[in-house]
Every structure is written in C-alpha cells, then in structure tokens.
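Written out below as structure tokens is the structure these notes cover.
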Amino acid sequence: MTKHASAQQSAGGWASALATDLVSGLRPLRGIGGEEMAAHRYRTQSRIALRAATRSARINGVYTGASHTANGILAVIVAGYGGYLALAGTISVGELIAVVGLSQYLPGPLGTLAATPRNVAVARAAARRVSAVLGADYVLDTRTHDLPPGRRDLHINNLSYKRLNGLSLTASPGELIGIVAYNPHDAETLVEVIAGQVPPTEYTGQVKIGDVDLHNIDAEQARSALIVEPHRTDLFTGTIGTNVTAGRPDARPDHITRALAASAADDVVNLHDDGLDHPVTDRGESLSGGQRQRIALARALVAAPSALVLHDPTTAVDAVTENIIAEGLTHFRHLGTPRAHTTVVITSSPALLSHCDRVVVLKDGQIDTTDTHENLVQNSEQYRRAVLR
C-alpha cells in the first residue's frame, strides 16, 4: 500500500509541476509554436498520474471493502450469539438489548481502526519523499574558506562546459561589461557556472573572485562578493519591501530609495497606496513580468555585491523604462558610489550595451571579439542583427 501511495504522489507531483510550467509559460510557448508539444507532455504525465491514482484507489477500495465486510460480519456474529444466549435463557432480554446495542456501536471504532493502516501507508510514503529531499547529499561542496581583503576582480579562466570552449574573461573593479551571446544557450551556460549551480567536477577551468576559486569561498562571503541575477527570477511571499531587502535586511532607507529609482521599481511601489508594504504572492504571481524584473533588479542593487552579474534584466519592460534602467544602473553601480563595483550584463539590449565600457561577443562558445558597442554596431553586421531592434 505504501508503494502505491508513493507512486501516486510522485506522478501527481510531476503532473502538477508540468501544469504550473504550462500555464506560466503559455505566452512564450505560443510565440514559438510549442504549445501543442507542451500540452502533449502534460497529457502524457496526466495519464501516468491517473493510472497511479487508479491503482492506489483500487488497492484502497479492496482493503476498505474487506475491512467493512469483516466489521459487519463481526457485528452480526455478536448480535446472533446474543440472540442465541437469550433463547437459551442464559441472558435476560435487557442483556440482549445491551448486546445488540454493542454490536451496532462496534463498526464505528473498528472502521477507524481498520483505516489506520491505510493512513499510515500514505503518511509513510509522504515522509519518505520529504526525507529523501532533506537527506539528499549536497550537489556542491561545502565552502569553508574566507575571502581575503583586496581586489574583487571576477576572473573566468579557460572555462569549458557544454558549448563553452576555453572561455577566459576578466572583469576588473569599476568596470561595466556587456556580454552578447549569438547563441542564447551560451549565455545560459555561462550564468549557470558563474552562479555556482554547476559542481566544479563537471567543467574545466576556474571562476575566481580575486585570487580565490568561487567554490572555495564561504557561502555567506560569496554572496556578499558576487550575486548572479538570472533571467527567470522568483520573488517570495511577503511584501515588495521584504523582497527588495531580502539580500540586505539592514539596508538604509536612502539606499533602498536609490535602488528603487535605479531599477525603475519606484513606479511599482508608487502604483499602490501601501507602497513597500504591498503584498506579493508566491513567486510574484500578483505582479506583471516587467514588475517582477524591476523588483528583482532592485533587490540585487540593494544587496550591493562587489560583482553583480545580470542576465537579460529588461526583457519584460518597454523601451522607455529600459533606458531609465540603463542610466540608473550605471549611476548607481559606477558613478554614485565611492566603491569600485563590477557589473556584468549578459544581454542583447542596445540601451544597456551602449552604457557598457566594453562589450564581449560570444560566438560558438568562445570570445569572438571585444569592443565598444558603438564600434561593433558600425563594423559588424552580425552584431547589428543581434542587438538592434
């Protein structure tokens, strides 16, 4: 019974996850004509979940029917035996009435007792799944080394992973660097590695902050030194304010105000009477895609890491807002602070790229060229097709 309950929970979980992905990504799927394939995947998983639920229900039905039958037979035996004793004169009529009442009362508690094994089986199946998650080994090694003081350059040395092939790049303190990947998979792969989502055993090369490998730095210090804001970012249940200050709860009010203005998220705050106290549902579903992007960018700016990597931070906003963010990001990170911050923007937005000190172009997993946005627009037809809208 536990085995069937576990299979039902697993299949149902996968079906729910696919349904969530299908609903949340319906518009992009329609854009690329992939809704039929996505619907086919959901129908397939839904059938698997249905078969698992049917098997589990069949086992539960057989068990429930057998237990109820046994309870009924027991009640009949008790009542029948009481009647026999009454006819034999062994017990009185009053005692017979007590026995019949007892036989009518027994099915209730016996039914509850009979349902206990089924409930235990379902609970055990759920507990095993929770235990598997909580007891799973860490994908990444535990980081224990402290980050020494000094320069916080971001170094990528001879990185090879998936499509990336021997990629080397240095982002020095104070630089605002743009990265344009002609193939979006190159950008996704680079973000995964820099974010520390890939175990070091699965790629060759190094990602360093200063002179220390990223995977050797204590996790708390690594977050203060490097934050990677992915393209698909999540907000948390709470308020706009708790999401903005999630990475730095002790941030000063003036610092938060500047970050909101730089990310154009102040428009989102001003849109609601309760401002920063406006509630946010799980994953920010109560906000539009552009509002979620701006809140996530504000969160990254408030955290103020030494190095900040942004992946397509403005794809869901209009052109006017995109220009506001480009100027605000430049002033907040590189002109309005005495610290030498490093910012890497992986994007194809001309508004953002035009503010970068230099643009690194990735082609076939390698650096194709490095130049300013203006020079690349003038001299490269492929670059113009990739970034100009």
Start with the C-alpha distance between Ile346 and Val309, add both sets of side-chain angles, then the distance that settles side chain to side chain contact (heavy atoms under 4.5 Å, CB included), and finish with yes or no. CA-CA 7 Å; Ile346 303 174; Val309 178; 4.1 Å; yes
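- Scored by the salt bridge (charged side-chain N to carboxylate O under 4.0 Å, His left out) test, Arg248 finds no partners at all (sequence neighbours excluded).
- To the nearest 0.5 angstrom, Glu188 atom CD is 12.5 Å from Arg163 atom CZ.
- No donor-acceptor distance shorter than 3.5 angstrom exists from the side chain of Ser348 to the backbone of Val387, with no hydrogens or angles considered.
- In this view, Arg299 and Glu229 satisfy the salt bridge (charged side-chain N to carboxylate O under 4.0 Å, His left out) rule, not counting sequence neighbours.
- Between atom CZ of residue Arg55 and atom CZ of residue Arg58 there is a gap of 8.0 Å, rounded to the nearest 0.5 Å.
- Under the rule for a salt bridge (charged side-chain N to carboxylate O under 4.0 Å, His left out), Asp318 has no partner lying at least two apart in sequence or in another chain.
- His185 meets the ring pair (Phe, Tyr, Trp, His ring centres under 6.0 Å) test with no other residue; sequence neighbours excluded.
- Sorted by first then second residue, the ring-ring contact (aromatic ring centres under 6.0 Å, His included) pairs that include residues 242-265, not counting sequence neighbours, are His255-Phe332.
- A donor-acceptor pair under 3.5 Å is absent between the side-chain atoms of Thr343 and the main chain of Leu308, judged by distance alone.
- Heavy atoms only, all atoms of each residue included: Pro279 and Ser286 are closest at O-OG, 4.0 Å.
- Remark: the backbone N or O of Pro230 is not paired with any side-chain donor or acceptor of Thr233 at under 3.5 angstrom.
- For the pair Gln45 and Arg41, the minimum side-chain heavy-atom distance is 4.5 Å or more.
- The heavy-atom pair separating Thr239 from Asp277 by the smallest distance is CG2-O, 3.6 Å.
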Working for side chain to side chain contact (heavy atoms under 4.5 Å, CB included), residues Val377 and Glu374: CA-CA 5 Å; Val377 168; Glu374 292 75 12; 5.9 Å; no
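- Under the 4.5 Å side-chain heavy-atom criterion for grouping Ile, Leu, Val, Met, Phe, Trp and Tyr, Tyr81 is not connected to Val76 through any hydrophobic cluster.
- The backbone N or O of Ser92 sits less than 3.5 Å from a side-chain atom of Glu95, completing a donor-acceptor pair.
- For Ser354 (side chain) and Pro350 (main-chain N/O), a donor-acceptor pair under 3.5 Å exists by modelled atom type.
- The salt bridge (charged side-chain N to carboxylate O under 4.0 Å, His left out) contacts involving residues 342-363 comprise Glu175-Arg358, where partners must be two or more places apart or lie in separate chains.
- Here ring-ring contact (aromatic ring centres under 6.0 Å, His included) pairs that include residues 276-299, with residues two or more places apart or in two chains, are His272-His278.
- Side-chain atoms of Ser168 come within 3.5 Å of backbone N or O of Asn158 as a donor-acceptor pair.
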Full working for side chain to side chain contact (heavy atoms under 4.5 Å, CB included) between Arg333 and Leu301: CA-CA 8 Å; Arg333 292 280 298 176; Leu301 295 180; 4.0 Å; yes
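- Under the 4.5 Å side-chain heavy-atom criterion for ILVMFWY residues, no single connected hydrophobic cluster contains both Leu271 and Val317.
- Grouping the Ile, Leu, Val, Met, Phe, Trp and Tyr side chains by contacts below 4.5 angstrom, directly or via other members, places Ile367 with Tyr203.
- The residue from Thr347, Thr314, Thr315 that alone fulfils the side chain to side chain donor-acceptor pair (under 3.5 Å) condition with Glu322 is Thr314.
- Proximity of a side-chain donor or acceptor of Ser263 to a complementary backbone N or O of Leu297 within less than 3.5 Å is not detected.
- Results of the side chain to side chain contact (heavy atoms under 4.5 Å, CB included) test with Pro305 over Ile227, Thr342, Leu226 single out Ile227 as the only residue that passes.
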Applying side chain to side chain contact (heavy atoms under 4.5 Å, CB included) to Val345 and Leu329, what does each step give before you reach the verdict? CA-CA 10 Å; Val345 184; Leu329 175 65; 4.1 Å; yes
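- Phe236 places none of its side-chain heavy atoms less than 4.5 Å from the side chain of Thr242.
- Between Ile324 and Ala261, the closest heavy-atom pair is CG2-O, 4.5 Å.
- Applying the salt bridge (charged side-chain N to carboxylate O under 4.0 Å, His left out) definition to pairs two or more places apart or across chains, none involves residues 301-312.
- Counting heavy atoms from C-beta outward, Gln378 and Arg384 have side chains that stay 4.5 Å or more apart.
- Interatomic distance, Leu167 CG to Asp186 CG, rounded to the nearest 0.5 Å: 9.0 Å.
- Listed for the Arg294 side chain is a donor-acceptor partner under 3.5 Å among the backbone atoms of Ala264.
- Considering only heavy atoms from C-beta on, Leu352 comes within 4.5 Å of Pro313 through its side chain.
- Ile73 belongs to a hydrophobic cluster whose remaining members, ordered by chain and number, are Ile77; membership requires side-chain heavy atoms of ILVMFWY residues under 4.5 Å apart, directly or through intermediates.
- Side-chain contact check for His355 versus His373: every heavy-atom pair is 4.5 Å or farther apart.
- The shortest distance between side-chain heavy atoms of Leu176 and Cys356 falls below 4.5 Å.
- Clustering of Ile, Leu, Val, Met, Phe, Trp and Tyr side chains at separations under 4.5 Å places Leu276 together with Leu235, Ile240, Val244, Ile256, Leu260, Val268, Val269, Val280, Leu287, Ile295, Val302.
- A donor-acceptor contact shorter than 3.5 Å is absent between the side chain of Glu202 and the backbone of Pro199.
- Grouping the Ile, Leu, Val, Met, Phe, Trp and Tyr side chains by contacts below 4.5 angstrom, directly or via other members, places Val207 with Val360.
- Across His341 and Ala304, no two heavy atoms sit closer than the pair NE2-O, 4.3 Å.
- Judged by distance alone, with hydrogens and angles left aside, the side-chain atoms of His155 form no donor-acceptor pair with the main-chain N or O of Thr170 at under 3.5 Å.
- Contact record, Val228 with Ala195: CG2-CA, 3.8 Å, taken as the closest heavy-atom pair.
- Interatomic distance, CG of Leu164 versus CD of Gln366, reported as 9.5 Å (0.5 Å rounding).
- Other residues, nucleotides and ligands contribute at most 12 non-hydrogen atoms within 6.0 Å of the CG atom of Asp273.
- Annotation: side chain of Leu362 is in contact with side chain of Leu190 (closest heavy-atom distance under 4.5 Å).
- Residues that satisfy the salt bridge (charged side-chain N to carboxylate O under 4.0 Å, His left out) test with Lys162, not counting sequence neighbours, are Glu192.
- No more than 12 heavy atoms of other residues, nucleotides or ligands sit less than 6.0 Å from atom OH of Tyr42.
- One hydrophobic cluster, built from ILVMFWY side chains closer than 4.5 Å, holds both Leu353 and Leu388.
- Under a 4.5 Å side-chain heavy-atom cut-off, the cluster of Ile, Leu, Val, Met, Phe, Trp and Tyr residues that includes Leu134 is completed by Val130.
- Side chains of Ile179 and Leu169 form a contact here, defined as non-hydrogen atoms less than 4.5 Å apart.
- Note that OG of Ser380 and CG of Asp371 are 10.0 Å apart. Values are rounded to the nearest 0.5 Å.
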